[in-house]
Amino acid sequence: VGTGGVGKTSLSAAIALAGAGAGRRAAVLTIDPARALGRALGMRALGAELERVVSTPGSLDVGMLEQASAWDAFIRRHAPSRAVEETILANTFYRQLSRRFSGSTEYVALEELCRLHESGRYDLIVLDTPPAAHALDFLRAPARVDRFLEAASASLSSRAQPLVARVLGRVERATGSETFHELAALLTSFQGLFAAVRLRSGESRALAAGDLTAFVLVVGPEANAIAGARELESQMTALGVRLKAIVQNRTHPLPAPLAAASETAPLEAELLARGAPPANLAWIRQAHRSYLAIASAEERHWQALRTSLPANVVSVRVPELGHDLHSLDDLAEVGRLLFTE
Amino acid sequence: VLGKGGVGKSTIAAALLLSLQRAGARVLGIELDAPGGLSRTLGVELPEANVAVRSASGVHLAWFDGALALAEYLSRKVRLGRLATPIFQHPLYEAFVHAAPGVKELMAIGKVRDELLLQKRWDAVVVDAGASGHALEYLRMPAVAAAAFHRGRVHREAKQVHASLSDANITAIHVVTTAEEMPVLEAVESVQRIRSELQLPLGHVILNRCLELPPDDIQATIQSLARLAPDAPMLFSARRALGWIEIQERYAADLERDVGVKPLRMPQLIADELTLLDLETLAPGFTGSARGIS
């Protein structure tokens, strides 16, 4: 889990690849991956079907989660009959809802995790969560889908129906919307699915909170990313899930102790004496100062974070490689940096 | 202002607000759905939706909640009486808000338009519209809603909002990116959609967090430094910076080629936490540049 732009997808792939390197049967399920990552994994296009990219010593399968098709597959699996399945899939309201309801991606991601786990084909499954403003959204979002399904189910009771119809009628006249006819049709065909869906959602929630699951929070090197991490950890504990590790990604290692690194005047004087253009020296000095400012700020935030976290949360820093990830070797390198510290 | 997560949209939106304000405009910064990066950057707490709060810098900020705006709208237009509260708290209503084509987005964008054109309180509003996909949904919805609701109030409202969005004298959509693979791909896709699918006025394509380019003959100096002190930390930093700049320029060139306009470059700010002063160093980058900003 982590906010957008911190490198979740690459780290997920690196973790799964490291698992395969250690002899495990690993899978990584990613959402909207960088094209470079697909290339690095040796794939032309990532699809919904898992594809094997490494087969020795362990194995690594990679798949992409696409919200709309994952929901459609979910309906196909749980629909009591072919007719119901087709009515639901063709419903306009369903099509809008499955693609746009917030929490919907997270819901099917958990379902996919559950399915891969139950297949028994994997020792390690890494799930790259959807981009979110808040890392906890992944855990909170599915509850909204549950609330909706509960309400939908309740509104079908004979006692509630006249009221629901009256209110819907009024809102329709006011807005000019015909959406509610579709909603009513959807609810009716969904009736046979409620029990299955409710059961499933209980199972996936139990898996996410269970001992087999570990959450890894990825943060960027910036100050505000770090500031939220401590709070997040306690919120996760409150939700009953376990934060196993925090990874500060793409950090800037200091080349030498800060005091020594900051002392550049003698070297500059020497270069000037040898005829280096002052503008070039000024650029180098500025680049160096910027780098030290970033590196030392990062170091401070990291130390502050580390001391504030419970001892059982593993904390790891992964320095940035200085280039994009282009190959399996690059991902393996990230894996080594991740697991050697 | 839109762009991929993590590219610094809020920083750019804040700098834009400050530069407009410095030019004498009365400005309002708006966040959609929830208070976020923009209010954090300018150090303002926004406890309540739809209420403008003045920041220390003098810029006003607010966050607009489409679902709440819809509830307000419905309460005004439909006499629901005592039913109002149970309806608006009902999960089915929440589902409707999410699934009815664009109603929530339409309401939020409609509110932005009202603030600017009807309230006469502001000379300019800057919307921190969030991640590209989400922001494009907001921009797309007035047209979609106008088509989906063939008649009635929503249809008329949607048409008006779309007309304001399409007017280049009123609206400019700025696309922010950094010089990295995914942000550039997303920016290019956004620009293409804004131009061809949405047909809305594009403002600037902003390349954020640019490192300063070195003098042309920098390699000679780097080489003498390497001979003189191969382990110098300064050499390490300079080489890293050169490596990043090479990547930066490659993606900057891709971006320029694929969007067909010269991106507006904004420097990387080196600071622990951004201060007003830092943001003001970005502000001059906007002034005097193309229409819609100055």
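Bear in mind the structure is a predicted one, so any value in this text is a computation, not a measurement. Labels below follow one simple rule: chain letters A, B, ... track the order of the sequence lines, proteins then strands, and each chain is numbered from 1.
Between Gln248(B) and Cys210(B), the closest side-chain pair of non-hydrogen atoms falls below 4.5 Å. Counting heavy atoms from C-beta on, the side chains of Tyr291(A) and Pro233(B) never come closer than 4.5 Å.
Proximity to chain A (any heavy atom under 4.5 Å) is shown, for Asp217(B), by both the backbone and the side chain. With a threshold of 4.5 angstrom between heavy atoms, Pro253(A) approaches chain B through its backbone and through its side chain. At a 4.5 Å heavy-atom cutoff, the contact between Leu225(B) and chain A is made by backbone and side-chain atoms alike. Contacts between Glu263(A) and chain B at a heavy-atom distance below 4.5 Å are absent for every atom of the residue. In this structure, chain A has no heavy atom under 4.5 Å from any part of Leu235(B).
In this structure, a donor-acceptor pair under 3.5 Å is present between the side chains of Asp128(A) and Thr9(A).
Interface check for chain A: of the options Glu157(B), Glu246(B), Arg240(B), Glu180(B), the most heavy-atom pairs under 4.5 Å are formed by Arg240(B).
Ring-centre distance between Tyr107(A) and Trp71(A): below the 6.0 Å cut-off.
Atom-to-atom distance recorded for Leu46(B):CG and Glu31(B):CD is 6.0 Å, nearest 0.5 angstrom.
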